[in-house]
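Source: prediction; values computed, not measured. All heavy atoms count here, side chains included; hydrogens, waters and symmetry mates do not.
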Amino acid sequence: FIKIFNAEWQLCIMHYALCIEKKIMLSIIVAIDNNNGIGKDNSMPWHLSDDLKRFKTITMGHTVIMGRNTWLSLPFKPLKGRRNIVISTNMPQTEGCEIARSISEAQNMVANEELAFIMGGARIYQQTIDIADELIVTHIHKSFDGIDTFFPPIDSSKWSIKEQSEILFDENSQLEYQYITYQRIK
């Protein structure tokens, strides 16, 4: 009995060590205005072509996790070349995506992956900012009127800047913006 118990205990310890070693990196990816605004009437109040291309490049080949409203707001579904997981308690199974009923269920669904991206909306960001490892943020240097959806404040006691671009300018929208990646302070 002691040998069997000891062998099972060692297997549990080895399994736990593998799980710790293979921790998934959760990255939040978001574009925000000067007031942490992210949306108006379930859409983005700006259009930055370079930012959308960057989003596609960064997330391609990885899992993207989003809430139901974000899924419904996508002009093309699913996002091609990515595993699409939608968190919703009441959305029926839908072609092109997998449904998770909670944040923890979504985490379990990506447990064997190295990297997954949280792409909104506001409630999902609010629920995941304390478990994310990284924030990939496009800071738009403007305050937009009528914003009704916000990203949580980025607490400088919890996040440090890992990289940042120079301030960029988009000719079409006449907007200045900057890419900043934050990492969780351990």
Can you name the nearest heavy-atom pair linking [X] to [Y], along with the distance?
X    : Y    : answer
N84  : G96  : CB-O, 3.7 Å
I129 : R184 : O-NH2, 2.6 Å
M91  : T94  : CE-OG1, 3.3 Å
E113 : T63  : OE1-OG1, 2.6 Å
A122 : F150 : CB-O, 3.5 Å
K77  : L72  : NZ-O, 3.4 Å

Atom CG of D145 with >12 non-hydrogen neighbours under 6.0 angstrom = no
For Q93, look at atom CD and say whether over 12 heavy atoms of other residues, nucleotides or ligands are found less than 6.0 Å away.
-> yes
According to a hydrophobic-cluster definition based on side-chain heavy atoms being under 4.5 Å apart (Ile, Leu, Val, Met, Phe, Trp, Tyr only), do [X] and [Y] belong together?
X    : Y    : result
I118 : I131 : yes
L79  : F117 : yes
I136 : M119 : yes
I167 : I161 : no

What's the spacing between [X] [atom1] and [Y] [atom2] if we round to 0.5 Å?
X    : Y    : atom1 : atom2 : result
W46  : L175 : CH2   : CG    : 9.0 Å
T149 : R123 : OG1   : CZ    : 10.0 Å
N108 : I103 : CG    : CD1   : 11.5 Å
Q164 : Q178 : CD    : CD    : 5.0 Å
I87  : S102 : CD1   : OG    : 7.5 Å
Y182 : I28  : OH    : CD1   : 12.5 Å

Are side-chain heavy atoms of [X] and [Y] found at a separation under 4.5 Å?
X    : Y    : value
I140 : M44  : no
M66  : V86  : yes
D50  : Y177 : yes
I99  : C97  : yes
Q107 : L26  : yes

Measure from the side-chain N and O atoms of Q174 to the backbone N and O of E171, and report whether any donor-acceptor pair falls under 3.5 Å.
-> yes
Counting N and O atoms only, with roles assigned by atom type, does the side chain of T181 sit under 3.5 Å from a partner on the main chain of K162, one being a donor and the other an acceptor?
-> no
Counterpart residues, salt bridge (charged side-chain N to carboxylate O under 4.0 Å, His left out), relative to K142 (two or more places apart) = none
Mind checking salt bridge (charged side-chain N to carboxylate O under 4.0 Å, His left out) for E98 and listing every partner two or more places apart, or none if nothing turns up?
-> R83
Identify, with sequence neighbours excluded, every residue that meets side-chain contact (heavy atoms from CB on, under 4.5 Å) alongside D148.
-> D41
Contacts of S43 that satisfy side-chain contact (heavy atoms from CB on, under 4.5 Å) - sequence neighbours left out | none
Name the atoms and distances for all side-chain donor-acceptor pairs under 3.5 Å in residues 29-38, with sequence neighbours left out.
residue: D33; atom: OD1; partner: N35; partner atom: N; Å: 2.8
residue: D33; atom: OD1; partner: N36; partner atom: N; Å: 3.2
residue: D33; atom: OD1; partner: G37; partner atom: N; Å: 2.7
residue: D33; atom: OD2; partner: F144; partner atom: N; Å: 3.0
residue: N35; atom: ND2; partner: S143; partner atom: OG; Å: 3.2
residue: N36; atom: ND2; partner: F151; partner atom: O; Å: 3.3
residue: N36; atom: ND2; partner: P152; partner atom: O; Å: 3.2

Side-chain atoms of residues 52-61: list all donor-acceptor pairs with protein atoms under 3.5 Å, sequence neighbours left out, distances to 0.1 Å.
residue: T57; atom: OG1; partner: K53; partner atom: O; Å: 3.0
residue: T59; atom: OG1; partner: F55; partner atom: O; Å: 2.8
residue: T59; atom: OG1; partner: R82; partner atom: NH1; Å: 3.0

Hey, which of V137, I180, I154 is the one that makes side-chain contact (heavy atoms from CB on, under 4.5 Å) with W159?
-> I154
